[in-house]
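A quick write-up on the structure given underneath.
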There are 2 protein chains.
Amino acid sequence: MQLSSYINQILPLADITNRAIESAFVPVKFSKTQILIPEGKISKEMFFIEKGLARIYYYNESGKDITYSFFTEGMMLTVAESFFGQLPSRYNIESLEDCEMRKITYTDFEMLLKTYPETEKVKSQGLLEFLLKATDRIVTLQFLSAQERYDLLMKNYPSIILRASLGHIASYLGITQETLSRIRAKK
Amino acid sequence: MQLSSYINQILPLADITNRAIESAFVPVKFSKTQILIPEGKISKEMFFIEKGLARIYYYNESGKDITYSFFTEGMMLTVAESFFGQLPSRYNIESLEDCEMRKITYTDFEMLLKTYPETEKVKSQGLLEFLLKATDRIVTLQFLSAQERYDLLMKNYPSIILRASLGHIASYLGITQETLSRIRAKK
DNA sequence: ATAAGCTTTTGATCTAGATCAAATATTAAT
DNA sequence: ATTAATATTTGATCTAGATCAAAAGCTTAT
């Protein structure tokens, strides 16, 4: 999906606003396993993925690397609280494949908000989408079994399951690699 | 906490805006165990709690009543996706004690947004707070043990633990009542 | 092509927390 | 006050998923 269709599907905007947004997002490429946003830093940029796969992750108290979430084509990639709130990020963002993205800086984003007030609505609408995903995730983790969580991911994001590594998927689901491997072997 | 201090702590606003917000929130009382927002309906109202305790809950596939989250004095109570997005709520809101609240209707909320554009920022900032809480919750559920989750709730919201029932707290933590009872008995 | 380094699978065991069931406490209703 | 209804505790099992350990498959770099 293109950035323009992504924005329009969130909220239809005047042509001039659309063009301003388009040109505020500049192309960037990343190779596999680059850190786009490191833990502890304020996110100065937000990304829209045109091609590739990335994840947000953190290290838990015992130092284990835990995937918080995956992002792929047509998704807006950002640690929302850090970018929108300009707070230090508690997570890292890492590319898992060679990626083609578009990025916007926070400065340019603020400029858009000032110049085209209707973008403020894109912001709230965007935040709402992140919130919807987060609440889904909570319900999933609260009471589904490992198998059910896997099936759900498979149903909603089959491409992630095909492209991400076993270990990353397992920690995303809140289970160990061994358990995930056995779930897969079973069917 | 008063509504005015709540708003000001989120974002300082012009006096006139503050006063408009104040008067848009009208007082309401609820007695124990009333349903303020039922599942399936679009939230037409958002509440600010001055006194009392409430929860958001849903029924899982096997019909079990699961507490999604608790709200008490000084908190804004709403199924954010439903109120801000005007979508049908997937959860119920229920009072757990006799409550004194202030409520605003969506119509009045929209009016505020139009008349005082700076309230749009209160909205995004509010959404951001909901998002922050949700991401915390995900991390908690992803890899902490029952005991750790309990300790964390106790540390962050001791008053909830003292006031809510065992069953409600247990489902909130993603465990059974029996397990929670044993965790408590242990210390 | 081969070694070195990762990633995934498989096996054996262990344990946190679930489930089932019954006994106490607590609260509400007549 | 007494009964009925609801919430909590306690006990005895069971099981999903963790942990530990080693083998087998893949990648990547020389």
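Residue numbers begin at 1 in each chain, while the letters A, B, ... track the order of the sequences. Only a predicted model underlies this, so the values are computations on that prediction, with no experimental measurement involved.
- Remark: A:Phe130 engages no residue in a ring pair (Phe, Tyr, Trp, His ring centres under 6.0 Å) (not counting sequence neighbours).
- Rounded to whole Å, atom P of C:dG17 lies 12 Å from atom CZ of A:Phe143.
- Atom CD1 of B:Ile16 has 12 or fewer neighbouring heavy atoms from other residues, nucleotides or ligands inside a 6.0 Å radius.
- Here the shortest heavy-atom pairing between A:Arg149 and A:Thr140 reads CG-CG2, 3.3 Å.
- No side-chain donor from either of B:Ser82 and B:Ser89 sits under 3.5 Å from a side-chain acceptor of the other.
- With C:dG17, D:dG17, D:dT10 as the candidates, the nucleotide lying closest to the side chain of B:Ala146 is C:dG17.
- Distance, B:Arg184 CZ to D:dA7 C1': 12 Å, rounded to whole Å.
- Put simply, CG on A:Leu173 is 11 Å from P on D:dG17, counting in whole angstrom units.
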When you compare the protein's N or O atoms with those of nucleotides 19-27 of chain C, which come within less than 3.5 Å of each other, and at what distance?
| unit_1 | atom_1 | unit_2 | atom_2 | d |
| --- | --- | --- | --- | --- |
| C:dT19 | O4 | B:Arg182 | NH2 | 3.2 |
| C:dC20 | N4 | B:Glu178 | OE2 | 3.3 |

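- A straight line from CG of A:Leu180 to P of C:dT7 spans 14 Å, rounded to a whole angstrom.
- Taken residue by residue, residues 153-170 of chain B places heavy atoms nearer than 4.0 Å to DNA chain D at B:Ser165, B:Leu166, B:Gly167.
- Proximity of residues 54-69 of chain B to DNA chain D (heavy atom under 4.0 angstrom from any strand atom) is not detected for any residue.
- Aromatic ring pairs are classed by plane angle as parallel below 30°, tilted from 30° to 60° and perpendicular above 60°; the pair A:Tyr106 and A:Phe109 is tilted.
- Under the 4.5 Å side-chain contact rule for hydrophobic residues, B:Phe25 and B:Tyr116 share a cluster.
- Using the six-membered ring where Trp is involved, B:Phe70 and B:Tyr172 have ring planes that are tilted, between 30° and 60° apart.
- There is a side-chain donor-acceptor pair under 3.5 Å between A:Asp151 and A:Gln147.
- Here the P atom of nucleotide D:dG17 and the OH atom of A:Tyr150 are 14 Å apart, to the nearest Å.
- In this structure, a donor-acceptor pair under 3.5 Å is absent between the side chains of B:Arg137 and B:Ser69.
- Using modelled atom types, one finds a donor on one side chain and an acceptor on the other under 3.5 Å when comparing A:Ser145 with A:Glu148.
- One atom, CD of A:Glu148, and another, P of D:dA16, lie 12 Å apart when rounded to the nearest Å.
- Under 4.0 Å is where a charged nitrogen must lie from a carboxylate oxygen, and between A:Lys51 and A:Glu97 no such pair does.
- Spacing between atom CD of A:Gln142 and atom P of C:dG17 amounts to 15 Å, rounded to whole angstrom units.
- We find that CD of B:Gln177 is positioned 14 Å from C1' of C:dG17, with the value rounded to whole Å.
- At a threshold of 4.0 Å, the pair A:Arg102-A:Glu22 counts as salt-bridged, since one of the basic side-chain nitrogens sits closer than that to a carboxylate oxygen.
- Take B:Glu178 and apply the salt bridge (charged side-chain N to carboxylate O under 4.0 Å, His left out) test, not counting sequence neighbours, and it matches no residue.
- A donor-acceptor pair shorter than 3.5 Å can be found between the side chains of B:Gln34 and B:Ser31.
- Summary of helix geometry: the two end axes of the helix from C:dA1-D:dT30 to C:dT30-D:dA1, each defined by five base pairs via their C1' atoms, are inclined to each other by 50° (rounded to 10°).
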